[in-house]
Protein chains: 2
Amino acid sequence: MPTISVENYLKAVFHLQGEAEERVKTKALAEHLDISLPSVTGMLKSLADEGLVDYLPYRGALLTEAGRRMALRVIRNHRLIEVFLMKTLDYSWDEVHAEAERLEHAVSDTLVARIEQALGFPKFDPHGDPIPSADGEISRRDVMPLSVATAGMRVRVERVLDQTPEVLRYLDRIGLRPGGLVYVREVLSFDGQMFLTLNDEDVSVSESLAAKMLVTEVEPP
Amino acid sequence: MPTISVENYLKAVFHLQGEAEERVKTKALAEHLDISLPSVTGMLKSLADEGLVDYLPYRGALLTEAGRRMALRVIRNHRLIEVFLMKTLDYSWDEVHAEAERLEHAVSDTLVARIEQALGFPKFDPHGDPIPSADGEISRRDVMPLSVATAGMRVRVERVLDQTPEVLRYLDRIGLRPGGLVYVREVLSFDGQMFLTLNDEDVSVSESLAAKMLVTEVEPP
DNA sequence: CATAAAGATTAGTCTTGCCTAAATCTTTTA
DNA sequence: TAAAAGATTTAGGCAAGACTAATCTTTATG
């Protein structure tokens, strides 16, 4: 029964409302945070009272400007901590997420600013996720999911949307990390499932996994 | 009304019970934590129920072995974080305390172990406080407070027991930091107050400040 | 378009950690 | 050695944040 911080609620709303900024439903939050529906309703009311969320009963919630700022601050902390742990303590990209998840709430703004400076103001973290600047700006890139690639394409991995350590270790082993170059050998269906065969033909990924790999097309060498 | 963590209660008990391991009174804890007396009573009961503290009503509390382990873990985290911030991010010794105070509860054991290794297993932090090992061992040193030094003595500062940034900046300016060598020019009383004159005669410290400087005598050059 | 299913809120509890006021215990002092 | 002073605990409350059960609203479906 550990209590969930305001920051984590806001982070969840941010991620769930997505680029389209659709109202986040109570149910979605409850599942994401593994908490009961009434608890979410109650907290959304509090957050609305504090001006962090725009909440309409039965409709769901959106971040206000203040809420968005607070969410972005935590996300920025998280991503800079990830880069920092990899650079200074040789963490691997599958280990950093869990640690950053705990530290993101404890670091001060000035510590994060120093980390950012020491790292040379990186724009992306080890998973390719953009790092918001101190004043809330986020770099945009034109990417597509690997799952829409067609046979014969050559792409570069820009971003990986999964944080599961086992999955990340697998992806790293087959070269599917930010910066990795991939040749899409064939796209095939089997038993209702779609697969992509990559590079050596013994490397393949399911459609659902490919949907989490954001890539850009590159010219052949 | 931010709530005080169990770890901070245990840390407070550890510091207040001191080397002599005297029972810590409710009042001492209440003042140290800036909290009401009944709140402390209640929390000591909970901690006793959890086996972290040996509590006798009206008598005060002592850490149990489990409580001591938990307190030492947090203190170890704190001190290693301090060294780490100075070494990798150019923090000064007056800045690290506040930051470490927040991070000490959030770091994982494996992160701290990596930090310790990266730093080469330091035995003392920037203030000269000993860093407990992962299994709870603490280095001891034979030191005396500067306040008992006599005129003509040459001493080396080993440890500074104050964490106030302003005080630390002053001490650093006059060379009173761990490793610093000091010649005690004269010890004089004025208006009931005792002073020590050090090195150049325009540097002096009050007895109460000198009591917080732990030193060892050294041979003259 | 009516109604059932799914989703959300309200009502009512529980626990935790804090508080103040009152009662009680311990220590100090006269 | 007893009264006063000081420290501590007990009693009783409050707010936050979680839960379950019951009720209401929205969405989906026949």
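Letters A, B, ... mirror the listed sequences (proteins, then strands); counts begin at 1.
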Check the distance between [N]'s [atom2] and [X]'s [atom1] and give it to me in whole angstrom.
{"X": "A/Glu50", "N": "D/dA15", "atom1": "CD", "atom2": "P", "value": "15 Å"}
{"X": "B/Glu31", "N": "D/dG6", "atom1": "CD", "atom2": "P", "value": "14 Å"}
{"X": "B/Tyr55", "N": "D/dT10", "atom1": "OH", "atom2": "P", "value": "7 Å"}
{"X": "B/Lys27", "N": "C/dT26", "atom1": "NZ", "atom2": "P", "value": "18 Å"}
{"X": "B/Ile4", "N": "D/dA16", "atom1": "CD1", "atom2": "P", "value": "18 Å"}
{"X": "B/Leu56", "N": "D/dA7", "atom1": "CG", "atom2": "P", "value": "19 Å"}
{"X": "B/Leu47", "N": "C/dT16", "atom1": "CG", "atom2": "C1'", "value": "13 Å"}
{"X": "A/Leu29", "N": "D/dG17", "atom1": "CG", "atom2": "P", "value": "15 Å"}

Give a yes or no on whether a salt bridge exists between [X] and [Y], defined as a side-chain N under 4.0 angstrom from a carboxylate O.
{"X": "B/Lys27", "Y": "B/Glu31", "result": "yes"}
{"X": "B/Asp109", "Y": "B/Arg73", "result": "yes"}
{"X": "A/Arg76", "Y": "A/Glu116", "result": "yes"}
{"X": "B/Arg169", "Y": "B/Glu95", "result": "no"}

*For a side chain to side chain donor-acceptor pair (under 3.5 Å) with B/Lys11, tell me which candidate from B/His105, B/His32, B/Glu101, B/His78 qualifies.*
B/Glu101
*asked:* On the nucleotide D/dA18, are OP1 or OP2 found under 4.0 Å from the side-chain N or O atoms that A/Thr3 carries?
replied: yes
*Hey, is the side chain of A/Ser46 poking within less than 4.0 Å of OP1 or OP2 on D/dA16, counting only N and O atoms?*
no
_Earlier contact from the 5' end, DNA chain D, for B/Tyr58 and A/Pro57_ = B/Tyr58
*What are the residues of residues 10-25 of chain A, sorted by number, that bring a heavy atom to within less than 4.0 Å of DNA chain C?*
A/Lys25
*B/Phe195 and B/Phe190 aromatic ring geometry - parallel, tilted or perpendicular at 30°/60° bounds*: tilted
*Geometric cation-pi criterion B/Arg141 and B/Phe124, 6.0 Å radius, 45° cone*: yes
*Flag this pair as yes if the NZ/CZ of A/Arg114 is under 6.0 angstrom from the six-membered ring centre of B/Tyr91 and inside a 45 degree cone about the axis; otherwise no.*
yes
_Would A/Leu188 and A/Thr197 count as a side-chain contact (heavy atoms from CB on, under 4.5 Å) here? Give the steps._
CA-CA 8 Å; A/Leu188 42 92; A/Thr197 310; 4.0 Å; yes
*Which of residues 34-45 of chain A sit near DNA chain D, with a heavy atom under 4.0 Å from it?*
A/Ile35, A/Ser36, A/Pro38, A/Ser39, A/Met43
*Check whether the side chains of A/Ser147 and A/Glu207 place a donor and an acceptor atom closer than 3.5 Å, and report yes or no.*
no
*Tell me yes or no: between the side chains of B/Ser206 and B/Gln193, is some donor less than 3.5 Å from an acceptor?*
no
*For DNA chain D, which consecutive runs of 3 or more Watson-Crick or G-U pairs (each distance under 3.5 Å) count as stems?*
C:1-30 with D:1-30
